[in-house]
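Structure first, then comments.
By convention here, the first residue in the shown sequence is residue 1.
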Amino acid sequence: QVQLEESGGGSVEAGGSLRLSCVASGYTARSGCMGWFRQRPGKERERVANILVGHGSTGYADFVQGRFTISLDNAKNTLYLQMDLLKPDDTGMYYCAAGSGWCASIESYSNWGQGTQVTVSS
């Protein structure tokens, strides 16, 4: 089964940037879904962005507003989330995940990383 490990989180000021990485090890499929999710304090986990493995089609939550970019380096088995123009409301734990089905739905994801903290100060 695929193992996922996130990195790249940290503390930045509003307007700053971070690039999150998620390395997939073990068995990796050439199809299905991968995505980034976040959980802000006191709120439910929500989709940030997703990508269809083996196709490249992407989707983003409305709050992204063009600020983030999801990408997948198949050769390195690494998923990325480039985050620019960060806002204090972006603060939370960010998770990468893998699954199959309708990639925009959190219910499609069965494998999860441990998360990486993102803190955006004003």
Quiz item: What are the two closest heavy atoms between Gly115 and Met93, and how far apart are they?
Solution: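 Where Gly115 meets Met93 most closely, the heavy atoms are C-CE, 3.6 Å.
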Exercise. Can you see which heavy atom on Ala49 is nearest to which on Leu81, and at what distance?
Key: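 Heavy-atom minimum between the residues: CB-CD1, 4.3 Å.
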Quiz item: Judged by atom type as modelled, is there a donor-acceptor pair below 3.5 Å linking the side chain of Ser57 to the main-chain atoms of His55?
Solution: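 The answer is no, because no donor-acceptor pair under 3.5 Å joins these two groups.
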Practice problem: Check whether any side-chain N or O of Glu6 sits under 3.5 Å from a backbone N or O of Cys96 as a donor-acceptor pair, and report yes or no. | Solution: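 Looks like yes, one N/O pair under 3.5 Å.
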Under 4.5 Å between side-chain heavy atoms, hopping through other hydrophobics if needed: is there a path connecting [X] to [Y]?
X      : Y     : answer
Tyr80  : Leu85 : no
Ile106 : Val64 : no
Leu79  : Phe37 : no
Leu72  : Phe68 : yes

Using atom types as modelled, flag every donor-acceptor pair under 3.5 Å from a side chain in residues 13-24 to any protein atom, sequence neighbours excluded.
{"unit_1": "Ser17", "atom_1": "OG", "unit_2": "Asp84", "atom_2": "OD1", "d": "2.8"}
{"unit_1": "Arg19", "atom_1": "NE", "unit_2": "Gln82", "atom_2": "OE1", "d": "3.0"}

Exercise. Check whether any side-chain heavy atom of Met34 lies under 4.5 Å from a side-chain heavy atom of Leu4, and answer yes or no.
Key: yes
Quiz item: Do Val120 and Pro88 come within less than 4.5 Å of each other through their side chains, counting heavy atoms only?
Solution: yes
Quiz prompt | Pairs meeting criterion side chain to side chain donor-acceptor pair (under 3.5 Å) with involvement of residues 96-115, two or more places apart | solution =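 Those involving residues 96-115 are Gln1-Asn111.
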Practice problem: Name all residues meeting the side chain to side chain contact (heavy atoms under 4.5 Å, CB included) criterion together with Thr58; count only those two or more places apart in sequence or in a different chain, and write none if there are none. | Solution: Ile51, Tyr60, Ile70
Practice problem: Each residue besides Leu52 in its hydrophobic cluster should be listed here, by chain and number; the cluster joins Ile, Leu, Val, Met, Phe, Trp and Tyr at side-chain heavy-atom distances under 4.5 Å. | Solution: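 For Leu52, no cluster forms, as it stays isolated from other hydrophobic side chains.
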Exercise. Please report the C-alpha distance between Phe63 and Arg38 in whole Å, then the side-chain angles of each, then the deciding distance to 0.1 Å, and finally whether the side chain to side chain contact (heavy atoms under 4.5 Å, CB included) criterion is met.
Key: CA-CA 12 Å; Phe63 66 76; Arg38 73 182 187 186; 3.2 Å; yes
Exercise. Scan for salt bridge (charged side-chain N to carboxylate O under 4.0 Å, His left out) pairs involving residues 58-70, sequence neighbours excluded, and state none if there are none.
Key: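 Only Arg67-Asp90 qualify under salt bridge (charged side-chain N to carboxylate O under 4.0 Å, His left out).
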Quiz prompt | Approximate separation, where rounding is to 0.5 Å, of Leu86 CG and Thr119 OG1 | solution =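 Rounded to the nearest 0.5 Å, the CG-OG1 separation comes to 10.5 Å.
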Self-check item: Arg40: side-chain hydrogen bond (donor to acceptor under 3.5 Å, both in side chains) partners, not counting sequence neighbours
Solution: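 With sequence neighbours excluded, Arg40 shows a side-chain hydrogen bond (donor to acceptor under 3.5 Å, both in side chains) to Glu46, Asp89, given in chain and number order.
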